Amino acid sequence: MQLRPTTSADLPLLEQLLVEALNWTGETRVTLEQVRSDPEHAHHLAGWQRATDVGTVAETEAGEPVGAAWARLATRAEAGYGFVADDVPELGLAVLAPYRGHGQTCSLISTAHVPGTWAVNTCGSSPG
C-alpha cells in the first residue's frame with residue numbers, strides 16, 4: 001500500500017468514501033446523490049480541496065484506491081454532526097470493503113494531521 005496527499009481530483013473518491021463512512025452499519029442510510037446534493041451531507045466535501053482541507057489517499061501498488069482520511073475546518077454555520085469548534089477540523093475516514101481488516105485504517109489515521117492542530121494516533125506506535 002502507498003499513501004499520497006489528496007488533490008481536488010479526488011473529490012469523486014472522497015464522495016464514495018463518505019457514503020461508506022455514513023453507511024458504516026451496512027444499512028443504506030445515505031446515497032451518493034445525497035452526499036452530492038443534500039445540504040446535510042454535501043457541505044462535508046463541497047469545493048474540495050480548499051486551502052485548509054487536508055487528506056491522504058491509500059492506494060494499492062497498482063494505484064487502485066483503498067481508502068482515505070481527510071479533514072476540513074468548518075464554521076458552526078456549515079458544520080455537521082459532531083461539530084466541536086471553528087478551529088477543530090472534522091475528520092472523515094473510510095476504507096473500501098475489500099480492504100478492511102488489513103491495517104489500512106491505522107495507516108490512514110496516523111497521517112491525519114492538520115497543521116496547527118494536535119494529531120492523535122489511536123493505533124499505537126506501529127500503524128499498518
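Side-chain atoms are counted along with the backbone in the values below, which use heavy atoms only and exclude waters and symmetry mates. Throughout, numbering of the chain's residues begins at 1 and tracks the sequence. Computed from a prediction, not measured in an experiment: that's the story for all the values here.
Between Thr60 atom OG1 and Met1 atom CE the span is 10.5 Å, to the nearest 0.5 Å. The CD atom of Gln34 sits 10.0 Å away from atom OG1 of Thr28, with the distance rounded to the nearest 0.5 Å. Note that CD of Glu64 is 12.0 Å distant from CD of Glu61, once rounded to the nearest 0.5 Å.
A distance-only check finds a donor-acceptor pair linking the side chain of Asp10 to the backbone of Thr7 [under 3.5 Å]. At least one donor-acceptor pair under 3.5 Å links the side chain of Asp86 to the backbone N or O of Arg76. Checking side-chain atoms of Arg36 against main-chain N and O of Pro12 turns up no donor-acceptor pair under 3.5 Å. In this structure, Arg29 contributes its side chain and Leu22 its backbone to a donor-acceptor pair below 3.5 Å.
One hydrophobic cluster holds both Val95 and Leu32 under the rule that ILVMFWY side chains link at heavy-atom gaps under 4.5 Å.
Partners of Ala21 by side chain to side chain contact (heavy atoms under 4.5 Å, CB included), not counting sequence neighbours, listed by chain and number: Ala94.
Looking only at side-chain heavy atoms (C-beta outward), Thr52 and Arg72 stay at 4.5 Å or farther from each other. Within the 4.5 Å cutoff, the side chain of Trp70 has no heavy atoms near those of the Thr56 side chain. Between Arg4 and Glu59 the shortest side-chain heavy-atom distance falls below 4.5 Å. You'll find the side chain of Val57 stays beyond 4.5 Å of the side chain of Leu3, heavy atoms only. For the pair Leu96 and Gln16, the minimum side-chain heavy-atom distance is below 4.5 Å. No side-chain heavy atom of Val19 sits under 4.5 Å from any side-chain heavy atom of Thr31.
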Quiz item: Passes side-chain hydrogen bond (donor to acceptor under 3.5 Å, both in side chains), Gln49 versus Thr6? Steps please.
Solution: CA-CA 8 Å; Gln49 183 160 357; Thr6 56; 3.2 Å; yes
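Ion pairing between Arg50 and Glu78 holds under the 4.0 Å rule for side-chain N and carboxylate O.
Considering all non-hydrogen atoms of both residues, Glu40 and His43 come closest at O-CE1, 3.0 Å.
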